[in-house]
Amino acid sequence: MCGAVEEIVFRNDKNGYTVLTMLCDGINATAVGMMSDVHIGDELKLVGNWKTHASYGEQFSFDYYEQYMPSTADSILKYLSSGAVKGIGRATAKRLVDAFGENTLDVMQNDPERLEQIKGISKEKAAAISEEIRRTFGMREVMIYLEKFHISAQESVKIWKSCGAGAIELIESNPYMLCDGNIGVSFERADHIAAVLKRPCDDPFRIRAGLVHIVRYNARNGHTCLPGEKLIEVTAKFLKLEDTLVSDMLAEMLLDGSLIRDIIEEREFVFLPSLYRSESFAADRLSMLMQFPPERITGVELALELFEKEQGIEYAVLQKRAIIEALSGGLLILTGGPGTGKTTTLNAIIELYKQSGIKVALAAPTGRAAQRMSEVTGCEAKTLHRLLEVEWDKNDSPLFKRNERNLLDCDALIIDELSMVDASLFEGVMRALPLGCRLIMVGDSDQLPSVGPGNVLGDLIASGRVPVVQLTEIFRQSMKSLIVTNAHRIVHGEMPVINRTDNDFFFIQCEDKEQIAGTITGLCSKRLPATYKYSPFEDIQVLCPGRKGELGVTELNKRLQQVLNPPGTKAEEINIPLYTLRVGDKVMQTRNNYDLAWTKNDGTEGAGIFNGDIGTIASVNRAMKTAIIRFDDKLVMYDEESLMQLELAYATTVHKSQGNEFNAVIIPMFYGPPQLYYRNLLYTAVTRAKKILILVGNTSVLKTMVDNNKKTLRYSGLKSFIERR
């Protein structure tokens, strides 16, 4: 379909989704699709198919388009009058077209001196108009060039902003520059472009990008660094090149600072500069905090004794040690499993801080964890991102307003669920922490490490430099819960008690995958709601070791959706790659998105939805490819691009569940990838249950997980950096 744009009905500037009307052979037609930039008067050639929308009628849905400069005087007038060129309004547009006709755009671009003859256009304004028209059409040229490589409109905008008018020349000389973090094209796609451009396989730019790709890929798996020899071996195999070529390039990159080398325990490790900075800065700051501790509170033992009498509580020996350490020193890690009194200890620390006139701030990595912290302490707790007042730069990377130049306003900071805090976030905390501020870090060292790179809690404990109190005594009340006692049995390598039917921990024996899946859907849809009045959307959570297979997250989500929220009208559905999302579906955010705007019920506005946040689809707009999601008391509008960051959440991985607790947790027990079936993962899953835990499957799989004491291996530098300070 060819024609000129008559009206822009809707446009999403972030992802380029556009609804427009075109004059095609004298008839106005509606077209929808992804487009880099468009204005009234633009002449387009669209390639796609006619479709009939249930609400909006016949539309031309295009997959590809070509854009031309307006060629007729009438289309140029419409284009300039639309505000497409900064500094030109309707009146000026008419004077320009009256003067230059069909040559108007050519004059504006190549002969700006002639514009000075138009009333109201000075020499300076003529130069500015010419520069703007060159920029506009230069950007279009880049976008049209990139479309043949299937580069999206949004990515094209990033490339243009990063490279400017020389983008095409830069890409042709080094297509791997598209892998730059600010642009974010994957290595595989850049490698395809390089192949189309007939770049050699041993291109130095390819080797550089390959090395960075391998380090970044492993950062997504939790590693802040990699052994040098392992990096060379893996990269050479990935690129199908000789080790010597990769080794020589790595040496060059270490010299120019593209990657950073450090010797840890007599072995060479290679870091991305940002992660090296995160871990080394955190180590430096911790060392400084230990050198300049806060003023010691006197009479701590007496204050604790009086507090015990007032509250009618007698704390256990380790609890007392933790409370005294928190009040006496500046740093403390408080760790322990379920039922060992972490919350009781924490509440005593907070209250005694307040009695001493110490201003306390409470924070946790996720919204759910912060909400739970508020509930158990009775004090406001914020997410760490909110505490640090997150913003984002022009490349949508997070920046914290609270830093070494704008320190946190508190005398003590207490962080819960520290096992979930990655290296970059911990760096942000350390930058914002005032000298002399107490830092109390609470977490369970037996749980899985953070989703992001780093092993912060494990490294802090292993360094031996930060005071640690590990609570080990299970209190009498908690001993009544099989969830608690079995969790401790699991972490000590003992089989849990599974033959009881009168408590909160149950095992349902099933022999095959189909029986397990059927039992799980029945528990979620009928048995638990009928027996305990639990909602499958709010109270029940299925936790899987992995994502793949019939008992993985993806397939179980589809089965559960079919039972819990079956298809209704097409108007209530919207499609994303793995799932069809429906109004009422339970969904999870799969990555941090700092610029998703939300509005609370009381009118409060803010931004930021984070990895692991769970919500419900309130409404969808199929025409605009948008949806509104409710996260607790927040409403968030998702556009088509943001919807790609959602997945169904009836079932989720154990990793994604960290920081959350659920009234009822169901875990399938069947054979899968060995690397996912280990003790700490099972322990983390079990400790997500507040009231009921149900294992469904095979006891031999349960025994395999209990016996497998494989720790999640993470290469990181924080422990060594702390030790050498």
For this session: Could you check if a side-chain atom of Ser75 sits within less than 4.5 angstrom of a side-chain atom of Glu43, using non-hydrogen atoms only?
Result: yes
Problem set entry | Distance, nearest 0.5 Å, that separates CE of Met637 from OG of Ser619 | 7.0 Å
Problem set entry | side-chain hydrogen bond (donor to acceptor under 3.5 Å, both in side chains) involving Ser450 - partner list, sequence neighbours excluded | Arg714
Exercise. Do Tyr176 and Arg208 pass the side-chain contact (heavy atoms from CB on, under 4.5 Å) test, and can you show the C-alpha distance, the side-chain angles, and the key distance before you say yes or no?
Worked result: CA-CA 9 Å; Tyr176 298 97; Arg208 291 180 74 93; over 6 Å; no
Exercise. With Asn28, which residues qualify under side-chain hydrogen bond (donor to acceptor under 3.5 Å, both in side chains), at least two apart?
Worked result: none
Exercise. Relative to the ring of Phe610, is the ring of His385 parallel (under 30°), tilted (30 to 60°) or perpendicular (over 60°)?
Worked result: parallel
For this session: Applying side-chain contact (heavy atoms from CB on, under 4.5 Å), run through Met108 and Leu105 and close with a yes or a no.
Result: CA-CA 5 Å; Met108 292 169 66; Leu105 294 179; 4.1 Å; yes
For this session: Indicate yes or no for a side-chain donor-acceptor contact from Ser278 to the backbone of Ser274 under 3.5 Å, with no hydrogens or angles considered.
Result: yes
For this session: Step by step, work out the side-chain contact (heavy atoms from CB on, under 4.5 Å) result for Gln589 and Gln645.
Result: CA-CA 6 Å; Gln589 176 74 13; Gln645 300 169 16; 2.8 Å; yes
Exercise. Just wondering, do Leu259 and Leu272 contact through their side chains at under 4.5 Å, heavy atoms?
Worked result: yes
Problem set entry | Passing option when Leu646 is tested against Ile629, Thr590, Ile617 for side chain to side chain contact (heavy atoms under 4.5 Å, CB included) | Ile629
Exercise. Have Thr580 and Asn575 got a donor and an acceptor in their side chains that come within less than 3.5 Å?
Worked result: yes
Exercise. What distance do Asn218 atom CG and Arg216 atom CZ have between them, rounded to the nearest 0.5 Å?
Worked result: 13.0 Å
Problem set entry | Phe187/Tyr217 aromatic ring centres below 6.0 Å | no
Exercise. Cut-off 3.5 Å, side chains only: do Asp602 and Thr604 have a donor facing an acceptor?
Worked result: yes
Exercise. If we only count heavy atoms from C-beta on, is the Met253 to Val212 side-chain gap below 4.5 Å?
Worked result: yes
Exercise. With no hydrogens and no angle check, do the side chains of Lys656 and Asn611 hold a donor and an acceptor under 3.5 Å apart?
Worked result: yes
Exercise. Is the count of non-hydrogen atoms from other residues, nucleotides or ligands lying under 6.0 Å from Lys94 atom NZ greater than 12?
Worked result: no
Problem set entry | Atom pair OG1/CG of Thr235 and Leu250 - distance to nearest 0.5 Å | 8.0 Å
Problem set entry | Steps toward side-chain contact (heavy atoms from CB on, under 4.5 Å) verdict (Arg199, Arg206) | CA-CA 9 Å; Arg199 304 288 300 184; Arg206 181 172 186 260; over 6 Å; no
For this session: May I ask you to decide if Phe205's main-chain N or O and Asp203's side chain share a donor-acceptor pair within less than 3.5 Å?
Result: yes
Exercise. Is it true that atom CG of Asp248 has more than 12 heavy atoms of other residues, nucleotides or ligands lying nearer than 6.0 Å?
Worked result: yes
Problem set entry | salt_bridge(Glu389, Arg402) N-O dist < 4.0 Å | yes
Exercise. Within the distance-only criterion (no hydrogens, no angle test), does the side chain of Asn403 pair as donor or acceptor with the backbone N or O of Asn406 below 3.5 angstrom?
Worked result: yes
Exercise. Side-chain contact, heavy-atom cut-off 4.5 Å: Thr30 with Val9?
Worked result: no
Exercise. Minimum heavy-atom separation for Leu581 to Leu648, with atom names?
Worked result: CD2-CD2, 3.8 Å
Seminar exercise, completed: Residues Glu573 and Gly568: closest non-hydrogen pair is OE2-N, 4.2 Å
For this session: Might you point out which heavy atoms bring Ile88 and Ala93 nearest each other, and give the distance in Å?
Result: CG2-N, 3.8 Å
Problem set entry | Atom pair CZ/CD of Phe238 and Glu188 - distance to nearest 0.5 Å | 4.5 Å
For this session: Enter the distance from Phe60:CZ to Leu46:CG here, rounded to the nearest 0.5 Å.
Result: 6.0 Å
For this session: Measure across Val421 and Pro365 and return the closest heavy-atom pair with its distance rounded to 0.1 Å.
Result: CG2-CG, 3.7 Å
For this session: Answer yes or no: is there an ion pair linking Glu427 with Arg285, defined by an N-O contact shorter than 4.0 Å?
Result: no
Exercise. Okay, side chain of Glu172, backbone of Glu169: is any donor-acceptor separation there less than 3.5 Å?
Worked result: no
For this session: Quick one: closest heavy-atom pair of Ala167 and Ile159, and the distance?
Result: CB-CG2, 4.2 Å
For this session: Locate the shortest heavy-atom distance separating Asp422 from Pro453; write the atom from each residue and the value.
Result: CB-O, 3.2 Å
Exercise. Is it the case that Ser258 and Asp256 place a side-chain donor and acceptor less than 3.5 Å from each other?
Worked result: yes
